K.L.:
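Below you will find the structure I want to go over with you.
Quantities reported herein were computed from a predicted structural model and do not represent experimental measurements. Every number for a ligand or one of its atoms is a count from 1 in the order of the listing.
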Amino acid sequence: MKLSVPGRTAAAVAVAVAGLLTTSAISTAAPAPKADAPKADAPKAAAAPDISVANVKAHLADLQSVADANGGNRAHGSAGYKASVDHLKKKLDEAGFTTSVQEFTAGGDTGYNLIADWPGGDESKTVMAGAHLDSVSDGPGINDNGSGSAAVLETALTVAREQYKPTKHLRFAWWGAEEIGLVGSSHYVDSLPGGDSSKISGYLNFDMISSPNAGYFVYDDDPTIEKTFKDYYAGLNIATEPDDEGDGRSDHAPFQQAGVPVGGLFTGAETTKSAAQAQKWGGTAGEPFDKCYHSSCDGASNIDETALDRNSDAVAYAVWGLSS
Ligand code: DTR
Ligand code: ZN
Ligand code: ZN
């Protein structure tokens with residue numbers, strides 16, 4: 001999405017202040033995996049399980065099939081987008097989530113947000129993880145943003161498989177109409193009952209997390225969430241960089257403007273990887289992180305499996321670490 005984020009009302013600004021006072025102290029779990037044994041008195045947080053990258057790739061193949069069967073894309077207002085929502089909802093319902101589909105109108109078309117609550121946990125401290133599920137009309141949108149959608153889906157399904165019982169409440173979300181201006185996520189935030197945004201202790205956003213010439217960028221918004229992701233990558237000896245181009249460019253923006261602590265991961269879009277970045281991350285200097293950004297070639301082969309694997313595990317690391 002390249003459009004600016006719509007302004008917020010004064011009331012939301014008031015909530016923003018309240019939110020910052022009550023939700024900025026988001027807690028985190030134990031530090032990333034390190035060689036030295038944890039101290040005896042260190043609080044033991046539940047360790048996140050490995051996320052199967054094979055399962056994540058299978059979800060991407062399903063989304064590719066959905067696009068193939070619906071004119072080649074999964075854009076807002078298309079049959080491909082609604083079929084994407086229905087596909088994910090079925091899996092989440094079967095896994096035991098409490099799902100809801102939130103409808104909205106944009107550009108004369110009906111849009112849909114898919115929300116999945118994992119029963120249990122303190123709902124006054126809800127940890128959310130989300131990704132936009134829509135593509136542009138030019139193509140199937142596998143890296144942008146099947147990758148984030150599939151990683152969040154597999155993390156949710158792993159929560160269910162593990163019967164994880166976090167202290168905080170877990171909510172997962174797949175947004176509609178991100179590509180035409182963060183419409184679905186803005187609708188969700190604007191529709192929250194008064195004060196409910198302060199019950200969201202953190203929103204984690206995953207938009208393009210397997211770019212074929214991947215970079216490892218961490219949103220530099222909430223310091224606690226940023227540290228959680230940086231600790232994870234430090235455990236892999238990967239030096240990340242702050243995502244300084246993403247402000248306002250994805251679905252974390254409406255949450256941030258409502259005072260919710262936000263964070264997330266990004267592997268890069270149309271901009272070019274530098275020589276220094278290629279040195280530390282691999283890949284090709286002088287080439288875009290994703291040369292198929294917003295193009296018809298953003299299909300099932302347009303991913304870096306290592307980045308997808310690492311970032312899917314990072315999603316779980318943060319979800320477990322911030323909710324235990
Ligand atoms: N908004 C994304 C692409 C994008 C560009 N820069 C960033 C930074 C952080 C997240 C996403 C992005 C899209 O859907 O096009
Ligand atoms: Zn996009
Ligand atoms: Zn995107």
K.L.:
Would you check if the Zn ion (ligand 3) lies under 2.8 Å from any N, O or S atom of E179?
P.N.:
no
K.L.:
Quick one: does D207 get an N or O within less than 3.5 Å of an N or O on ligand 1?
P.N.:
yes
K.L.:
From the options G246, A131, G141, S135, select the one whose nearest heavy atom is closest to atom 8 (C) of ligand 1.
P.N.:
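It is G246 whose heavy atom sits nearest to atom 8 (C) of ligand 1.
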K.L.:
By the ring-ring contact (aromatic ring centres under 6.0 Å, His included) test, which pairs, at least two apart or in different chains, include something from residues 50-94?
P.N.:
none
K.L.:
Pairs in or reaching into residues 143-171: which pass ring-ring contact (aromatic ring centres under 6.0 Å, His included), with residues at least two apart or in two chains?
P.N.:
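Non-adjacent pairs meeting ring-ring contact (aromatic ring centres under 6.0 Å, His included): Y164-W320.
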K.L.:
If I take every N, O or S atom of E178, is at least one of them less than 2.8 Å from the Zn ion (ligand 3)?
P.N.:
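It does not; every qualifying atom lies at 2.8 Å or beyond.
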K.L.:
May I ask you to identify, for N145, whether its side chain, its backbone, both or neither come under 4.0 Å of ligand 1 on a heavy-atom basis?
P.N.:
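The answer is neither.
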K.L.:
For the pair K57 and E154, find out whether any cationic side-chain nitrogen is under 4.0 Å from an anionic carboxylate oxygen.
P.N.:
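A salt bridge is absent here (no side-chain N lies under 4.0 Å from a carboxylate O).
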K.L.:
Salt-bridge test for D196 and K199: reply yes if a basic N is under 4.0 Å from a carboxylate O, no otherwise.
P.N.:
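Between K199 and D196 there is a salt bridge, with a charged N closer than 4.0 Å to a carboxylate O.
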K.L.:
Once rounded to the nearest 0.5 Å, what's the spacing between atom CG of L265 and atom CD1 of I209?
P.N.:
7.0 Å
K.L.:
Restricting to N, O or S atoms of D144, which is nearest to the Zn ion (ligand 2)?
P.N.:
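It is OD2 of D144.
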K.L.:
Check this for me, if you would: do E287 and K291 make a salt bridge, where the nitrogen-to-carboxylate-oxygen distance has to be below 4.0 angstrom?
P.N.:
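So E287 does not pair with K291 through a salt bridge.
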K.L.:
Compute the minimum heavy-atom distance from H294 to ligand 1 and say whether it is under 4.0 Å.
P.N.:
yes
K.L.:
For the Zn ion (ligand 2), decide whether H294 has an N, O or S atom at a distance under 2.8 Å.
P.N.:
yes
K.L.:
Are F217 and F289, when compared by the centres of their aromatic rings, separated by less than 6.0 Å?
P.N.:
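Yes, ring centres under 6.0 Å apart.
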K.L.:
With heavy atoms of E245 as the reference, note each atom of ligand 1 found under 4.0 Å away.
P.N.:
5 (C), 6 (N)
K.L.:
Strictly below 4.0 Å, N to O, side chains only: are K90 and D86 in salt-bridge contact?
P.N.:
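No.
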K.L.:
Does only the side chain of Y219 get under 4.0 Å from ligand 1, or the backbone, or both, or neither? Count heavy atoms.
P.N.:
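Only the side chain of Y219 comes within reach of ligand 1.
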K.L.:
With a 4.0 Å cut-off on heavy atoms, does E270 reach ligand 1?
P.N.:
no
K.L.:
For the Zn ion (ligand 3), find the closest N/O/S atom belonging to D207 and write down its atom name.
P.N.:
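So the atom name we want here is OD1.
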K.L.:
Counting both backbone and side chain atoms, is some N or O of D243 under 3.5 Å from an N or O of ligand 1?
P.N.:
no
K.L.:
If you count the atoms of ligand 1 from 1 in the order shown, which ones are under 4.0 Å from a heavy atom of M208?
P.N.:
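Every atom of ligand 1 under 4.0 Å from some heavy atom of M208: 3 (C).
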K.L.:
Heavy-atom contact check, 4.0 Å cutoff: does Y293 meet ligand 1?
P.N.:
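Y293: in contact with ligand 1 (<4.0 Å).
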K.L.:
Flag yes if more than 12 heavy atoms outside K273 fall under 6.0 Å of its NZ atom; otherwise flag no.
P.N.:
yes
K.L.:
Would you confirm whether the ring centroid of W175 sits within less than 6.0 angstrom of the ring centroid of F104?
P.N.:
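So the answer is no for these two rings.
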